[in-house]
Protein chains: 2
Amino acid sequence: MSENGTLRRGRPGYDQQGILDVAVAAFIQYGYDATSMGVLADRLGLSKSAIYHHFASKDEILDRALDTALGALEGVLEETDAAGGRAGDRLDHVLRGAVHVLVDKLPYVTLLLRVRGNTEVERRALSRRRAFDKRVTALVSEAQAEGSLRSDIDVRVVERLLFGMINSIVEWYRPGGREDADKLADDVIAVALDGLRMPTSNRVQELLG
Amino acid sequence: MSENGTLRRGRPGYDQQGILDVAVAAFIQYGYDATSMGVLADRLGLSKSAIYHHFASKDEILDRALDTALGALEGVLEETDAAGGRAGDRLDHVLRGAVHVLVDKLPYVTLLLRVRGNTEVERRALSRRRAFDKRVTALVSEAQAEGSLRSDIDVRVVERLLFGMINSIVEWYRPGGREDADKLADDVIAVALDGLRMPTSNRVQELLG
DNA sequence: GGTATTACTAACCGATCGTTCAGTTAGTAT
DNA sequence: ATACTAACTGAACGATCGGTTAGTAATACC
């Protein structure tokens with residue numbers, strides 16, 4: 001499954017990444033807990049025990065997958081912080097970046113968003129997620145303070161609704177459909193920032209203050 | 001668990017609704033597939049087989065729970081259709097109603113939103129959910145056509161993002177917190193319809209056309 | 001051909017799964 | 001006291017679970 005120019009030693013077959021991709025697809029289809037190693041083996045066309053050559057446990061597969069998703073999302077925040085700028089612009093950048101990560105690593109982020117907390121691996125992932133949310137909330141708060149965003153709604157509610165919308169992408173977005181990642185990011189941000197309603201004259205009056 | 005004024009015949013203990021409530025709480029905490037009947041029995045303080053007096057199977061518990069959630073959501077649509085009016089107003093009504101259902105039946109709707117499709121019960125629930133979504137999308141489309149909502153974004157994307165936001169409530173809303181259902185509905189609709197951004201003079205110009 | 005590397009296997013393990021069965025228990029009604 | 005109603009039990013079942021073990025298999029390299 002590793003098709004670089006160099007010849008690989010050893011028996012041809014799946015590598016770790018190949019197993020991981022198939023595992024993640026099964027985990028998001030059936031749920032992690034409902035996906036037995038037997039189902040996974042069937043899906044790979046291997047025996048159950050062959051999987052244990054590549055990963056020590058079912059848990060390790062999950063851990064690796066969640067790390068991929070979280071790493072990408074955290075990367076968006078790092079890159080945004082490094083760039084600096086007004087909070088409103090940085091938030092815009094984070095939202096676009098998040099949408100791109102969701103689209104690029106759809107199966108992995110989908111798995112992450114469905115984590116429950118039954119095992120230590122899951123609890124660690126949830127903890128990293130909470131830290132991510134906290135940093136985004138701080139950014140929203142800054143954007144409210146600088147006047148870019150409305151401040152009549154609690155900052156935590158704002159962050160939750162915003163990422164509720166963005167995260168919903170994993171439930172319905174299909175790559176290769178009508179919308180690519182850029183268009184999707186544009187739409188999400190348009191809805192989030194400017195809303196759905198058409199302006200009325202009353203609204204314009206409100207806006208004029 | 002049934003504490004009406006009349007005396008109930010039979011041995012005191014849980015009734016079906018009592019078992020169901022505890023089951024749903026466990027299902028949303030651990031996930032349906034990861035909640036064994038043993039875990040549920042522990043939680044109820046009963047034996048595993050006692051559960052089978054009340055419900056024929058684990059599946060039947062799930063079926064009953066999902067029906068509760070779907071029934072409530074479908075009820076919002078029925079009531080809105082019966083009332084009639086402009087599409088924009090009906091959509092507003094559906095959104096408020098949905099938020100209220102989410103808050104009032106939080107555990108049940110939470111369970112519904114996490115259904116995967118592994119069993120016939122789950123697939124039936126997903127089918128009902130799709131029918132619900134389809135009706136809301138039709139309403140959004142009407143509101144776009146009547147000019148209440150922006151029509152530069154695909155109607156299906158709009159419906160998905162909208163309910164993505166609303167449905168996210170089940171992941172973070174805590175009853176008895178700072179926001180009651182009415183305030184929450186107000187906030188959700190404000191964000192959805194009017195967005196998050198503060199107006200700038202460029203925006204006002206755009207709005208003026 | 002032999003060695004190193006890497007992927008894969010069948011049989012097995014102890015534990016847990018959802019469910020069944022033949023009972024027992026705790027209340028009300030007569 | 002007996003019958004009815006409704007809730008509950010321990011033991012057992014066949015199936016499945018995640019994982020282990022002692023191998024086998026297929027390639028590249030020398």
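Since the structure is predicted, the reported quantities are computational estimates derived from the model, not experimental observations.
- Here C:dG27 is the nucleotide among C:dA7, C:dG18, C:dG27 with the atom lying nearest to any side-chain atom of B:Arg9.
- C:dC17 atom P lies 12 Å from atom CG of B:Leu40, rounded to whole Å.
- Projected onto DNA chain C by closest heavy-atom contact, A:Lys48 and A:Gln16 fall at different nucleotides, the more 5' of which corresponds to A:Gln16.
- The NZ-P distance, from B:Lys58 to C:dT16, rounds to 15 Å in whole Å.
- Ring pair A:Phe27/A:Tyr108: centre-to-centre distance not below 6.0 Å.
- A salt bridge links B:Glu171 with B:Arg114; the closest basic N to acidic carboxylate O contact falls under 4.0 Å.
- If you take CZ of A:Arg8 and P of C:dC8, they are 10 Å apart, rounded to a whole angstrom.
- Separating the CD atom of A:Glu60 from the C1' atom of D:dG19 is a distance of 13 Å, rounded to the nearest angstrom.
- The shortest distance between side-chain heavy atoms of B:Arg135 and B:Asp81 falls below 4.5 Å.
- Taking only side-chain nitrogens and oxygens, A:Tyr14 never comes nearer than 4.0 Å to OP1 or OP2 of C:dA7.
- Rounding to whole angstrom units, CE of residue A:Met37 and P of C:dT16 are separated by 18 Å.
- An OP1 or OP2 oxygen of D:dA7 is reached within less than 4.0 angstrom by a side-chain nitrogen or oxygen of B:His53.
- Between A:Tyr52 atom OH and C:dC12 atom C1' there is a gap of 14 Å when expressed in whole angstrom units.
- Residue B:His54 has a polar side-chain atom (N or O) positioned under 4.0 Å from OP1 or OP2 of D:dC8.
- Candidate nucleotides C:dT20, D:dG19, D:dC8 were compared by shortest atom distance to the side chain of B:Leu46, and D:dC8 ranks first.
- DNA chain C is contacted by both B:Gly38 and B:Pro12; B:Gly38 maps to the nucleotide lying nearer its 5′ end (nearest heavy atom per residue).
- Nucleotides of DNA chain D nearest to B:Gly10 and B:Ala50 differ in position, and the one nearer the 5' end is that of B:Gly10.
- Residue A:Ser47 places no side-chain N or O under 4.0 Å from the OP1 or OP2 atom of C:dA10.
- For the pair B:Leu44 CG and D:dC8 C1', the interatomic distance rounds to 12 Å; values are reported in whole Å.
- Side-chain N or O atoms of A:Thr35 include one that pairs as donor or acceptor with a backbone N or O of A:Gly31 at under 3.5 Å.
- Remark: A:Arg11 is not in phosphate contact with C:dA4, judged by side-chain N or O atoms under 4.0 Å from OP1 or OP2.
- Here A:Ser49 does not reach the OP1 or OP2 of C:dT9: none of its side-chain N or O atoms lies under 4.0 Å away.
- Geometric assessment of B:Lys58 against the ring of B:Tyr52 yields a negative cation-pi assignment under the 6.0 Å and 45° thresholds.
- Taking atom CG of residue A:Asp33 and atom P of nucleotide C:dT16, one finds them 16 Å apart after rounding to whole Å.
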